[in-house]
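Before any comments, here is the structure.
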Amino acid sequence: MQPHYSPAQVEADARQEWEATRADLAVEDPAKPKYYCLSMFPYPSGKLHMGHVRNYTLGDVLARFHRQQGYNVLQPMGWDAFGLPAENAALANGVAPAAWTYQNIDYMRGQLKSLGFAIDWGREIATCRPAYYRWNQWLFLRMLEKGIAYQKTGVVNWDPVDQTVLANEQVIDGRGWRTGAPVEKREIPMYYLNITGYAEELLSDLDQLSEWPEQVKTMQRNWIGKSLGVRVGFPHHHAGGGTLWVFTTRADTLMGASYVAVAPEHPLALFAARSNLELARFIEECRRGGVTEAELATQEKRGRDTGLSVTHPLTGEPLPLWVANYVLMGYGEGAVMAVPAHDERDFAFARRYGLPIRPVIRTSAGDATPEPWSDAYAEHGVLINSGRYDGLGFDDAVEAIAADLAAKGLGEKKVTYRLRDWGISRQRYWGTPIPIVHCERCGAVPVPDEHLPVVLPEDLVPDGAGNPLARSPDFAQTQCPRCGGLARRETDTMDTFVDSSWYFFRYACPDAPAMVDARADYWMPVDQYIGGIEHAILHLLYSRFWTKVMRDLGLTRQTEPFRALLTQGMVLNHIFFRKGAAGGITYYAPEEVEVTRDAQGRVASIRSAADGQPVEYGGIGTMSKSKKNGVDPQSLIEEYGADTARLFMMFAAPPEQSLEWSDAGVEGAFRFLRRLWRAVYEHVEEGEAAPCDTAALSAELKALRLCTHQTIQKVTDDFARRHTFNTAIAAIMELMNRLGRLEERTPPARAVRQEALEAVCLMLFPIVPHICTVLWRSLSPGEPLAARGWPAVDAAALVEDEIELVVQVNGKLRGSLRVSAQAERAAVEALALAHPGVQKFTAGLAVRKVVHVPGRLVNIVVG
RNA sequence: GCCGGGAUGGCGGAAUCGGUAGACGCGCUGGACUCAAAAUCCAGUUUGGGUAACCAAGUGAGGGUUCGAGUCCCUCUCCCGGCACCA
């Protein structure tokens with residue numbers, strides 16, 4: 001055995017052993033319990049960053065740990081290979097997205113391999129390959145047949161200079177990222193998936209997901225946003241007459257409605273604008289800006305009177321009809337009834353525009369609602385000023401009002417969801433082509449299954465001005481599958497969330513001639529899913545939806561894809577940027593800027609290292625390609641080895657916590673591995689350790705054995721239940737420190753040391769597999785580490801004769817006692833009262849109470 | 001703006017069910033080894049007072065519940081994630 005730890009040699013050596021034994025291969029075996037351990041696949045952005053290292057190390061630790069516990073483990077890897085960054089790279093460098101993506105995949109695969117993850121690489125998939133995305137197309141066609149997929153218009157960000165649709169990310173302060181031009185909202189036809197049809201099931205099935213973080217389930221529940229309310233009709237005689245429908249959860253306040261507001265895109269708004277120039281101008285103004293909810297929610301609430309009125313369904317009174325920028329066309333009916341007295345937003349709006357405020361609920365604030373707004377105004381209460389409904393409480397009032405509306409045909413109780421249908425059309429090149437052909441005669445015609453996949457040409461290079469597919473005759477021009485006439489392909493591609501909504505099925509059967517085969521029944525569901533908390537809603541919700549659709553199409557028995565979920569916190573780093581003259585934004589990597597500090601250590605200036613000009617500080621945020629603040633792990637791996645990188649990452653913080661990146665402490669992780677190596681070296685150099693009678697050990701050796709088995713117990717719990725690898729590592733370090741203080745070289749001491757070192761290697765193996773694999777050969781020659789499994793706790797070693805108790809006076813620590821584990825309660829309390837450190841504080845005072853928590857403390861209350 | 005989290009020494013973090021705050025590691029200080037340095041090892045390291053024993057204060061801020069609060073409740077501040085076209 002080498003006397004010194006050499007990571008490069010050790011890691012090459014260990015990997016050779018794993019390859020020779022095909023240790024990472026996953027084979028379906030009905031005789032063994034299966035464990036499908038999945039980390040969210042990466043977008044191939046170029047290089048791994050520390051967030052990936054964290055994610056994949058967590059997955060690998062759990063995969064290896066479960067393999068040691070006897071599970072048949074599947075840990076696959078692949079690439080979320082379609083997406084916007086490849087198009088951005090094309091814009092920046094003129095390289096085709098396909099070539100750029102494949103190159104990145106090759107480099108990043110090499111990085112993953114160098115980290116020693118136990119991945120079955122035979123199952124690798126890339127979503128940009130036709131063999132994968134043909135099934136996106138195939139399932140889309142099935143959804144179309146079942147009415148789950150359908151077409152309607154949607155609102156997008158439009159850059160009027162580049163004449164192109166922008167992603168929300170590409171809109172900065174309401175302007176296009178490249179042109180600096182103010183973006184506009186534009187309505188275009190798109191394909192939608194009816195996820196709202198599954199809203200109830202997506203909501204109620206959350207209750208089955210006992211191994212998901214409560215936090216994530218709460219976010220999903222709120223996102224789905226089920227609400228019970230009433231759909232209320234306001235008759236009118238405009239644009240040919242009709243009824244304007246709104247949804248409200250506060251039908252009890254209907255008698256306090258003082259106006260009705262519609263979205264700027266609402267047909268009645270457009271109708272009124274035809275004869276109202278001022279209104280038309282306002283609606284035009286509302287088109288400015290982006291489409292995100294955050295932007296709409298924070299913008300100033302503004303509106304205009306249409307001059308039209310609608311009829312209150314119960315009183316028959318005319319109510320003014322307003323257009324308001326805070327009403328969303330895509331949510332509900334695109335119209336709301338406004339009750340300024342009991343809704344904060346309506347209150348502010350009514351004050352601003354001088355609209356009436358009519359209190360109709362008696363709240364804890366009383367019967368009136370004077371300025372300023374108080375949250376109490378929104379409380380439920382007894383109805384007032386509401387005619388025949390006066391005196392009713394919330395539930396009774398809603399019932400009565402809904403019944404009266406129903407009698408007039410102007411309302412009904414209704415359940416609605418905040419969740420909106422999933423728009424999957426993207427006006428982009430690098431994605432799955434939507435398998436539709438547009439024919440002048442036949443309309444939108446689905447591509448027949450036998451023509452799938454509709455292959456995306458890989459040689460196009462986007463230039464920022466629209467989708468190159470639309471300008472590619474080879475792709476766009478085709479024949480109508482129905483009439484054979486000249487037709488045009490749909491050139492929109494699918495949202496990349498489609499790709500990631502079912503990739504975990506495909507890993508189970510990557511070469512299946514169908515979307516999935518029987519192997520998916522063996523491996524699914526994923527037993528442990530690991531990924532960033534940023535995916536808590538969208539990706540996870542879409543995957544759950546997709547799985548339910550696949551179930552309804554008879555493709556799987558699963559109703560939920562992920563049994564247990566571990567959401568890792570973000571790895572954060574500083575963000576630096578500079579705004580261009582036109583409003584565009586350029587990011588700088590932390591290593592590209594120089595930060596100077598004043599005498600107090602405060603930041604004095606930030607400048608670009610390249611040109612010396614100032615750069616702005618954007619705070620800290622997630623490591624990402626687009627913000628250029630990712631840290632490449634490569635230099636860390638090269639300098640210290642993969643094991644040190646993995647150990648440091650797991651030791652830095654518990655998985656769910658976000659982590660501001662710093663490499664301070666990497667040295668410490670490396671030093672620990674070096675100490676471990678030396679401890680094993682010194683031990684094995686003395687020859688084989690013979691087993692001994694553990695019942696006849698000295699007190700010191702018995703205490704050490706106790707420590708070993710307490711550590712196994714704690715580490716097992718930390719791995720299996722808590723997933724706190726940082727505390728598991730700390731416990732192992734403590735055991736190693738303890739072992740280092742044992743000087744004794746007698747046969748019993750050597751036996752106890754052998755047992756401890758073996759346990760340490762087995763427990764550390766999931767985290768630092770290379771060094772443990774190699775150390776094990778010397779520690780236990782002839783028996784592979786894999787054959788040993790996870791170390792077992794010896795209950796006999798855990799028995800303690802004496803325990804330590806803490807003594808408090810009035811809750812303050814005043815001393816400690818060592819007592820026999822069998823000591824009587826009264827005897828322990830007498831000892832505590834007699835303790836000299838305690839008597840100092842009890843002298844002359846009456847003991848009022850003694851709180852005794854057995855095995856922990858005695859608290860003496862005096863005074 | 002809305003939804004979900006978080007805040008503990010100089011730093012990363014620990015304290016798992018309301019019971020010893022600061023485990024483990026980094027950094028720093030001192031010492032050993034060395035011609036010297038690196039590496040390694042040993043000791044110390046929340047703050048204030050004290051040679052020390054020890055005492056007091058202390059977990060973002062303010063209030064509360066309790067024999068006892070980092071942990072539970074209320075109010076607030078700041079930071080992170082998400083908000084449907086970044087993935």
Side-chain angles (χ1 to χ4, degrees), chain A residues 40 42-43 45 80 83-85 88 154 156-157 165-171 213-216 218-219 221-223 225 291-299 326 330 345 419-428 495-497 500 532-539 541-542 567 569-570 572 619-622 624-627 648 651-654 656-660 662 664-669 671-672 674-675 678 714 717-718 721-722 724 726-727 729-734 737 740 804-808 810-813 815-816 837 840 848-851 853 856-857 859-863:
Chain A
M40 289 180 185
Y43 179 80
S45 57
D80 189 11
L84 202 53
N88 294 340
V156 294
N157 303 302
V165 175
L166 297 179
N168 288 334
E169 186 192 48
Q170 297 172 319
V171 179
E214 210 48 58
Q215 181 200 153
V216 173
T218 302
M219 280 192 267
R221 281 188 195 105
N222 292 340
W223 184 261
V291 299
T292 67
E293 186 189 286
E295 202 170 332
L296 298 171
T298 50
Q299 75 186 352
Y326 65 83
R345 198 173 49 184
L419 181 68
R420 308 200 293 259
D421 274 350
W422 175 13
I424 58 157
S425 294
R426 297 291 179 272
Q427 298 69 46
R428 288 183 222 301
D495 181 4
T496 55
F497 275 124
S500 55
I533 185 65
E534 75 275 23
H535 295 296
I537 296 173
L538 293 180
H539 162 60
L541 194 67
Y542 291 146
T567 47
M570 304 281 77
L572 311 172
I620 56 171
T622 314
S624 77
K625 171 99 181 165
S626 60
K627 296 197 173 84
F648 174 64
F651 188 54
E656 312 221 80
Q657 196 165 308
S658 63
L659 178 63
E660 199 176 320
S662 157
V666 173
E667 284 280 351
R671 277 204 286 264
F672 173 70
R674 211 153 45 185
R675 277 202 301 276
R678 204 182 52 235
K714 174 174 175 51
D717 185 48
D718 282 352
R721 179 180 64 89
R722 299 213 305 152
T724 50
N726 57 329
T727 54
I729 294 164
I732 294 167
M733 283 174 167
E734 279 190 88
N737 290 344
E804 190 171 301
L805 280 182
V806 160
V807 188
Q808 299 177 333
N810 288 346
K812 280 187 194 289
L813 177 67
S816 65
K840 255 167 69 181
R848 292 191 172 184
K849 188 171 173 182
V850 176
V851 180
V853 183
R856 294 216 77 115
L857 61 73
N859 184 16
I860 297 157
V861 185
V862 295

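The sequence lines fix the lettering, A, B, ..., with proteins before strands; numbering per chain opens at 1.
- Of the candidates B:A84, B:A87, B:A15, the closest approach to any side-chain atom of A:Tyr542 belongs to B:A84.
- In this structure, the CG atom of A:Leu296 is 12 Å from the C1' atom of B:A84, given to the nearest Å.
- Judged purely by distance below 3.5 Å, without hydrogens or angles, the side chains of A:Thr622 and A:Glu534 never pair a donor atom with an acceptor atom.
- Atom name C1', nucleotides B:A57 and B:G50: the rounded distance is 15 Å, in whole Å.
- Applying the 90° criterion around 0 to the glycosidic angle, B:G9 comes out syn.
- Looking at heavy-atom distances under 4.0 Å, A:Val850 makes no contact with the nucleic acid at all.
- With hydrogens and angles left out, the side-chain atoms of A:Arg722 and A:Thr727 include a donor and acceptor closer than 3.5 Å.
- For A:Lys849, taking side-chain heavy atoms from C-beta onward, the closest of the listed nucleotides B:G81, B:C67, B:C86 is B:C67.
- Taking atom CD1 of residue A:Ile620 and atom P of nucleotide B:G5, one finds them 20 Å apart after rounding to whole Å.
- Checked by distance alone, A:Glu293 brings a side-chain donor or acceptor within 3.5 Å of a matching partner on the base of B:G1.
- Among the nucleotides B:U20, B:G4, B:A87, the one closest to the side chain of A:Pro85 is B:A87.
- In the displayed structure, A:Arg221 atom CZ is contacted under 6.0 Å by more than 12 heavy atoms of other residues, nucleotides or ligands.
- Rounded to a whole angstrom, the distance from the P atom of B:G68 to that of B:A15 is 25 Å.
- Between the A:Lys625 side chain and the A:Ser45 main chain, a donor and an acceptor come within less than 3.5 Å of each other.
- Under 4.0 Å is where a charged nitrogen must lie from a carboxylate oxygen, and between A:Arg674 and A:Glu667 no such pair does.
- Of the side-chain N and O atoms in A:Asn726, none sit less than 4.0 angstrom from OP1 or OP2 of B:G12.
- Checked by distance alone, A:Asn859 brings a side-chain donor or acceptor within 3.5 Å of a matching partner on the base of B:C67.
- Protein atom CD of A:Glu660 is 8 Å distant from nucleotide atom P of B:G12, rounded to whole Å.
- Among the candidates A:Asn88, A:Val165, A:Asn157, the single residue satisfying the side chain to side chain contact (heavy atoms under 4.5 Å, CB included) test with A:Gln170 is A:Asn88.
- When distances run from any side-chain atom of A:Thr298 to the nucleotides B:G1, B:A87, B:A84, the shortest one goes to B:G1.
- Among the nucleotides B:C55, B:C80, B:C86, the one closest to any side-chain atom of A:Leu84 is B:C86.
- Closest to the side chain of A:Thr622, from the set B:C24, B:G81, B:C86, is B:G81.
- When the C1' atom is compared between B:G19 and B:U29, the two are found 35 Å apart, to the nearest whole Å.
- Comparing B:G1, B:C3, B:A87 by their nearest atom to the side chain of A:Met219 picks out B:C3.
- Residue side chain A:Lys714 reaches the base of B:U16 through a donor-acceptor N/O pair under 3.5 Å, judged by distance alone.
- Across the protein-nucleic acid pair, A:Glu734 atom CD and B:C24 atom P stand 5 Å apart, rounded to whole Å.
- In this structure, A:His535 atom NE2 and B:C86 atom C1' are separated by 10 Å, rounded to whole Å.
- Distances from the side chain of A:Arg722 to the nucleotides B:A15, B:A23, B:C3 place B:A15 closest.
- Side chain of A:Lys840, nearest nucleotide from B:A57, B:A87, B:C54: B:C54.
- Between B:G70 and B:C17, the distance separating the two P atoms is 16 Å to the nearest Å.
- To the nearest angstrom, P of B:U66 lies 18 Å from NZ of A:Lys812.
- The phosphate of B:G13 has OP1 or OP2 within less than 4.0 Å of a side-chain N or O from A:Gln657.
- For B:U40, the base has no donor-acceptor partner in the side chain of A:Arg674 [N/O atoms by modelled type, under 3.5 angstrom].
- A:Arg678 has no side-chain polar atom (N or O) that falls below the 4.0 Å cut-off from OP1 or OP2 of B:A39.
- Using atom P as the reference point in both B:U71 and B:G63, the two lie 14 Å apart (nearest Å).
- Between A:Tyr326 and A:Leu296, every side-chain heavy-atom pair lies at or beyond the 4.5 Å cut-off.
- Considering only side-chain N and O atoms, A:Arg671 lies under 4.0 angstrom from the phosphate OP1 or OP2 of B:C26.
- Going from the P atom of B:A69 to that of B:G58 covers 11 Å, rounded to whole Å.
- No more than 12 heavy atoms of other residues, nucleotides or ligands shown are found within 6.0 angstrom of NZ on A:Lys627.
- Within 90° of 0 lies the glycosidic angle of B:C17, which makes this nucleotide syn.
- Comparing B:A87, B:A21, B:C54 by their closest approach to the side chain of A:Thr496 singles out B:A87.
- For the pair A:Arg675 CZ and B:G25 C1', the computed distance is 9 Å after rounding to whole Å.
- Rounded to the nearest Å, the gap between the C1' atom of B:U59 and that of B:A52 is 29 Å.
- B:A23 and B:G10: their P atoms are spaced 14 Å apart (whole Å).
- Nucleotide B:C26 holds its C1' atom 14 Å from the CG atom of A:Asn737, rounded to whole Å.
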